[in-house]
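Let me begin by presenting the structure, written as structure tokens, before commenting on it.
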Number of protein chains: 2
Amino acid sequence: MNEKLFLRDPQESVLGRKILHHGLIIINKLGFEQFTFKKLAEEIETTEAGIYRYFENKHRLLVYYVNWYWSYTEYKLSFLLNNIDDPEKKIKLIIRTLVMPPAGKSVISDAISEMEAYQLVRWEASKSYLTRNVADYNKSKLFKPYKDLCVVIADTMLEYNSRYKYSHSLASTLMEMSHAQMFFMENLPTLSDSQKADPTKLIAYLDHLIFSALDH
Amino acid sequence: MNEKLFLRDPQESVLGRKILHHGLIIINKLGFEQFTFKKLAEEIETTEAGIYRYFENKHRLLVYYVNWYWSYTEYKLSFLLNNIDDPEKKIKLIIRTLVMPPAGKSVISDAISEMEAYQLVRWEASKSYLTRNVADYNKSKLFKPYKDLCVVIADTMLEYNSRYKYSHSLASTLMEMSHAQMFFMENLPTLSDSQKADPTKLIAYLDHLIFSALDH
DNA sequence: TCTTTTATGATAGTTTTACTTTTATTTTTA
DNA sequence: TAAAAATAAAAGTAAAACTATCATAAAAGA
């Protein structure tokens with residue numbers, strides 16, 4: 001985790017881990033705009049000032065969660081792809097890993113629940129970069145996990161077809177759409193081809209989209 | 001324009017049009033989070049209360065602009081596609097219309113500048129639906145212009161290939177990515193394959209992506 | 001034309017958000 | 001066991017996000 005994201009490392013103390021754990025749940029419950037440090041402080045029975053000792057503001061906390069999610073996804077993928085040679089299989093695994101909700105209880109961090117992080121990404125992730133601070137944040141490497149995973153995926157696409165010219169754009173399209181299309185299915189179904197959140201249908205669409213592009 | 005978006009129609013008065021005109025410019029300058037009705041009121045020499053008589057809150061104003069942009073884009077496309085029969089040509093025109101910054105001065109509204117609306121969409125459009133109010137907003141038809149354009153595009157795709165199964169998802173992917181990829185080129189170039197904002201390169205990518213999918 | 005409605009301007013006030021500061025108390029570590 | 005570090009408690013500030021009131025000006029209707 002990039003140290004510029006926090007003032008004191010939240011994973012290193014009981015209070016810090018409480019902040020991480022309940023902050024994520026409350027953001028998911030209320031939405032990022034309605035979330036405040038005051039509400040979080042009340043929930044975990046500390047004070048606003050207590051939270052400000054860990055995070056400069058709520059936007060940095062959001063970026064923390066989003067980064068955690070993408071780092072964790074890259075970590076998961078590095079295992080899954082480890083002893084697979086066939087790039088087609090690799091890409092299919094990537095798509096499924098991006099789309100599928102994390103299964104059950106494979107807890108990697110005490111504080112942060114994968115399932116909650118997965119939901120947060122669907123609703124709030126783009127707010128992490130859609131800010132006038134993008135340039136500064138980017139200079140401080142605060143989007144590194146997202147960009148790293150994008151490069152991993154782009155490289156896998158090039159393994160499959162080394163002559164494909166738009167691997168990075170296709171990789172970021174995949175990363176964005178694996179969550180946005182799920183959001184559409186759930187909330188604005190006219191924008192998708194399914195009336196309910198259906199990961200299987202989304203995987204079929206993305207498989208078709210990505211391999212058509214790479215095969216063309 | 002959906003009447004539920006405003007309390008008093010801003011196009012019908014001098015003050016209303018001033019709000020629309022300068023509101024858009026200030027949002028683009030400061031970013032939506034930093035934008036307030038107070039700042040807008042100072043700019044146009046009225047009071048906060050004056051603006052609240054037109055819009056319930058700043059989020060409704062944002063949705064107003066986004067809707068204006070998508071309605072206007074559908075209107076532009078209805079002309080462009082009017083006497084073209086070849087669906088391939090139609091899709092290419094759609095892609096170019098979505099990607100290219102609006103040319104010069106073809107002003108359709110005194111109050112709202114197309115160029116400013118185009119910029120707003122790149123930075124702020126997804127914040128219009130990434131809110132806990134999506135369901136309510138959607139019930140009130142507040143996303144109709146976006147959804148209508150999506151259906152127009154999806155139908156054109158089906159004209160090109162009636163057997164394609166994911167026309168709505170592909171259309172919304174196109175609508176989202178025509179702006180998101182431009183944002184990436186400008187701000188997070190690692191996520192794209194270009195170091196600067198290059199509409200031509202983006203068009204090439206989207207042409208390839210969409211036609212590969214439809215041809216496959 | 002006179003009256004009534006409607007829009008705007010001016011002013012003030014409330015609650016919540018997003019912080020900062022200070023001091024006392026506890027916990028950790030050297 | 002003393003010093004350092006982290007937390008709790010309390011208070012305060014500036015700005016954001018509204019709401020309310022009243023006077024005046026402009027437009028519209030009878």
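Only heavy atoms go into these numbers, but all of them, side chains included; no hydrogens, no water, no symmetry mates. Chain letters run A, B, ... following the sequence lines, proteins first and then strands; every chain starts at 1. All values derive from a computational prediction rather than experimental measurement.
- The side-chain contact (heavy atoms from CB on, under 4.5 Å) search around A:Ser172 returns A:Cys150, B:Gln181, B:Phe184, B:Leu191, not counting sequence neighbours.
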Pairs under 3.5 Å (N/O, protein and nucleotides 23-30 of chain C):
none

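- Between B:Tyr54 and C:dA7 there is no side-chain polar atom (N or O) within less than 4.0 angstrom of OP1 or OP2.
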Distance-only donor-acceptor hits, side chain of residues 43-56 of chain A, under 3.5 Å, sequence neighbours excluded:
residue : atom : partner : partner atom : Å
A:Thr47 : OG1  : A:Gly50 : N            : 3.3
A:Tyr54 : OH   : A:Ser13 : OG           : 2.5

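- At a non-hydrogen distance threshold of 4.0 Å, B:Arg8 from residues 1-9 of chain B come into contact with DNA chain C.
- Atom CD of B:Glu42 and atom C1' of C:dA10 are 15 Å apart (whole Å).
- In this pair, B:Tyr118 and B:Tyr69 present their aromatic rings tilted. The plane angle is within the 30 to 60° band.
- For A:Lys144, the NZ atom sits in a loose shell: 12 or fewer heavy atoms of surrounding residues, nucleotides or ligands are nearer than 6.0 Å.
- At whole-Å resolution of the value, CD1 in B:Ile51 and P in C:dA7 are 17 Å apart.
- Scanning for ring-ring contact (aromatic ring centres under 6.0 Å, His included) contacts around A:Tyr164 gives A:Tyr166, B:His208, with sequence neighbours left out.
- A:Asn67 contributes a side-chain N or O that, together with a main-chain N or O of A:Leu142, makes up a donor-acceptor pair within less than 3.5 Å.
- Legend: salt bridge (charged side-chain N to carboxylate O under 4.0 Å, His left out) pairs involving residues 21-36 of chain B, not counting sequence neighbours, sorted by first then second residue: B:Glu33-B:Lys127.
- More than 12 non-hydrogen atoms from other residues, nucleotides or ligands lie less than 6.0 angstrom from CE of A:Met1.
- The residue among B:Ser13 and B:Thr47 whose nearest nucleotide of DNA chain C lies closer to the 5′ end is B:Ser13.
- Here A:His59 pairs with A:Tyr137 under the ring-ring contact (aromatic ring centres under 6.0 Å, His included) rule; sequence neighbours left out.
- Qualifying side chain to side chain donor-acceptor pair (under 3.5 Å) partners for A:Asn28, counting only residues two or more places apart in sequence or in other chains: A:Glu116.
- B:Phe183 pairs by the ring-ring contact (aromatic ring centres under 6.0 Å, His included) definition with A:Tyr129, B:Trp123, not counting sequence neighbours.
- The aromatic rings of A:Phe35 and A:Phe37 sit perpendicular, their planes meeting at an angle over 60°, well past the 30° parallel limit.
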* Under 4.0 Å protein heavy-atom contact, by nucleotide of nucleotides 11-28 of chain D - B base, S sugar-phosphate only -> -----SBBBB--------
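- Less than 4.0 Å separates DNA chain D from no heavy atom of any residue of residues 15-26 of chain B.
- Considering only residues two or more places apart in sequence or on other chains, B:Lys201 meets the side chain to side chain donor-acceptor pair (under 3.5 Å) condition with none of them.
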